[in-house]
J.: 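Just dropping this structure here.
No experiment lies behind these values; they were computed from the predicted model shown.
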Amino acid sequence: MTDEVDVAALVAQLRAVGHTVAAAESLTGGLVTATLVDVAGASRVVRGGVVAYQADLKTRLVGVDAGLIDREGTVNAGVAEQLALGVRRELGATWGLGTTGVAGPGPAEGHPAGTVHVAVAGPDGVTSRRLRLEGDRAAVRRGAVHAVLADLHYRLGKNHGSTDVESGREGGGHDSDA
């Protein structure tokens, strides 16, 4: 997996800069939050998580625009971004994470299994990227978790001068990983 991140180091980094995080998850079903809270001391940085698997909950719980979902479906960058922005706002966190996509085994909303969008919202705005992940449902979900946490790690380093951030990597816009 290309997006490996040391979750304990990520939690420590959040703690060191006094930041908090919250996640709004669809296809990952709480796995992002569970991965974070597996680390001792996570209670100092994790505000909480929302599992909004159905479209109406995305709208009601974190404010994803119902019109966007009606026009585009739930598997797109805009929904991931609105999940991240909404959970950041609703849970009062420095950083918000959003995940949406198709874990499989088959396609959904016209997208093949493995189509994933992850987003990170923070003090400097929101970024997202599209991923094409391989494997079974569990592998796709794990890949989405690793990707969104890697993106958070990158953004933290970019904003706080970490020396272990990949040089030349930009998280903005709608990147695509094959």
Side-chain angles (χ1 to χ4, degrees), residues 3 5 7 10-11 13-14 19-39 42-104 108-109 111 113-131 133 137-138 140-156 159 171-175 177:
D3 285 316
V5 63
V7 181
L10 176 60
V11 168
Q13 188 177 15
L14 285 163
H19 287 192
T20 58
V21 64
E25 305 180 58
S26 186
L27 88 148
T28 50
L31 193 55
V32 171
T33 305
T35 300
L36 287 166
V37 301
D38 274 346
V39 176
S43 62
R44 293 187 179 175
V45 299
V46 177
R47 293 282 299 154
V50 173
V51 176
Y53 213 60
Q54 299 299 319
D56 63 316
L57 294 179
K58 290 172 178 61
T59 298
R60 189 162 23 116
L61 297 177
V62 293
V64 174
D65 179 52
L68 172 64
I69 293 173
D70 289 343
R71 286 187 313 278
E72 307 286 333
T74 61
V75 182
N76 65 71
V79 169
E81 291 170 2
Q82 288 188 19
L83 286 167
L85 288 164
V87 79
R88 177 178 185 250
R89 177 187 63 247
E90 295 300 322
L91 275 61
T94 312
W95 297 94
L97 309 177
T99 64
T100 190
V102 184
E109 297 182 17
H111 301 280
T115 303
V116 173
H117 295 270
V118 297
V120 176
D124 60 344
V126 63
T127 58
S128 66
R129 64 180 169 135
R130 178 179 165 185
L131 305 147
L133 301 173
R137 284 180 60 79
V140 169
R141 292 175 66 230
R142 281 191 312 271
V145 170
H146 291 297
V148 77
L149 293 178
D151 289 355
L152 174 59
H153 176 72
Y154 171 77
R155 295 273 300 278
L156 276 168
N159 288 303
H174 306 284
D175 298 326
D177 288 345

J.: Working to the nearest 0.5 Å, report the span between OG1 of Thr94 and CZ of Arg88.
T.: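 Reported value, rounded in 0.5 Å steps: 7.0 Å.
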J.: Any chance the side chains of Lys58 and Ser26 put a donor and an acceptor closer than 3.5 Å?
T.: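 There is such a pair between these side chains.
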J.: Supply the atom-to-atom distance Asp151 CG to Arg129 CZ, rounded to the nearest 0.5 angstrom.
T.: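 One finds 4.0 Å between CG of Asp151 and CZ of Arg129.
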J.: side-chain contact (heavy atoms from CB on, under 4.5 Å), that's the test. Do Val140 and Arg137 meet it? Break it down for me.
T.: CA-CA 5 Å; Val140 169; Arg137 284 180 60 79; 5.9 Å; no
J.: Measuring from atom CG of Asn76 to atom NE2 of His111, what distance do you get when rounded to the nearest 0.5 angstrom?
T.: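 These two atoms lie 7.0 Å from each other.
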J.: Does any N or O in the side chain of Arg47 come within less than 3.5 Å of the main-chain N or O of Ala93, such that one atom is a donor and the other an acceptor?
T.: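 No, because the side chain of Arg47 does not come within donor-acceptor range (under 3.5 Å) of the backbone of Ala93.
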J.: As an exercise, state the distance from CD of Gln82 to CD1 of Ile69, rounded to the nearest 0.5 Å.
T.: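 Spacing of CD (Gln82) from CD1 (Ile69) equals 8.0 Å.
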J.: How close do Val46 and Thr33 get, heavy atom to heavy atom, and via which atoms?
T.: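 Closest approach of Val46 to Thr33: CG1-CG2, 4.3 Å.
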J.: Evaluate the side-chain proximity of His117 to Val75: yes if any heavy-atom separation is below 4.5 Å, no if none is.
T.: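 Yes. Closest side-chain heavy atoms under 4.5 Å.
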J.: Output, in order, the C-alpha distance, side-chain angles, deciding distance and verdict of side-chain contact (heavy atoms from CB on, under 4.5 Å) for Leu97 and Val87.
T.: CA-CA 7 Å; Leu97 309 177; Val87 79; 5.8 Å; no
J.: With side chains defined as the heavy atoms from C-beta onward, is the minimum distance between Asp38 and Val7 less than 4.5 Å?
T.: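 Heavy-atom side-chain distance check fails, nothing below 4.5 Å.
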J.: Mark yes or no for whether Glu81, through its side chain, and Ala119, through its backbone, hold a donor-acceptor pair below 3.5 Å.
T.: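 Not at all, since once roles are kept as given, no pair shorter than 3.5 Å links the two residues.
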J.: Start with the C-alpha distance between Leu91 and Val50, add both sets of side-chain angles, then the distance that settles side-chain contact (heavy atoms from CB on, under 4.5 Å), and finish with yes or no.
T.: CA-CA 9 Å; Leu91 275 61; Val50 173; 4.1 Å; yes
J.: Measuring from atom CG of Leu14 to atom CG of Leu36, what distance do you get when rounded to the nearest 0.5 angstrom?
T.: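 Here the rounded value is 8.0 Å.
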J.: Could you work out, with salt bridge (Lys or Arg N to Asp or Glu O under 4.0 Å) as the rule, every residue matching Asp124, not counting sequence neighbours?
T.: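 Salt bridge (Lys or Arg N to Asp or Glu O under 4.0 Å) list for Asp124, sorted by chain: Arg155.
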J.: Under the 3.5 angstrom rule, does the side chain of Thr100 hit a backbone N or O of Thr74 as a donor-acceptor pair?
T.: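 Present.
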J.: Without swapping roles, check the side chain of Arg89 against the backbone of Val62 for a donor-acceptor pair under 3.5 Å.
T.: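 Yes, the answer is positive, given that a donor and an acceptor are paired below the 3.5 Å cut-off.
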J.: To the nearest 0.5 angstrom, please state how far the CG atom of Leu10 sits from the CG atom of Leu152.
T.: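 Here the rounded value is 5.0 Å.
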J.: Can any side-chain N or O of Glu25 pair as donor or acceptor with the backbone N or O of Leu31 at less than 3.5 Å?
T.: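 Yes, because the side chain of Glu25 sits within donor-acceptor range (under 3.5 Å) of the backbone of Leu31.
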J.: Where the side chain of Arg71 meets the backbone of Gly67, is there a donor-acceptor pair that is under 3.5 Å apart?
T.: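 Checking the backbone N and O of Gly67 against the side chain of Arg71, a donor-acceptor pair under 3.5 Å is found.
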J.: Got a donor-acceptor contact below 3.5 angstrom from the Ser128 side chain to the Val118 backbone?
T.: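 Not a single qualifying donor-acceptor pair exists.
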J.: Ignoring hydrogens and angles, tell me if any N or O in the side chain of Glu90 forms a donor-acceptor pair with the backbone of Leu61 under 3.5 Å.
T.: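 No; zero donor-acceptor contacts below 3.5 Å.
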J.: Ala84 and Gly98: which non-hydrogen atoms are nearest, and at how many Å?
T.: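 For Ala84 and Gly98, the tightest heavy-atom pair comes out as CB-N, 3.7 Å.
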J.: Using every non-hydrogen atom in the two residues, find where Ala113 and Gly104 come nearest and quote the distance to one decimal.
T.: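 Shortest heavy-atom contact: CB-CA, 3.6 Å.
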J.: Output, in order, the C-alpha distance, side-chain angles, deciding distance and verdict of side-chain contact (heavy atoms from CB on, under 4.5 Å) for Leu83 and Thr99.
T.: CA-CA 7 Å; Leu83 286 167; Thr99 64; 5.9 Å; no
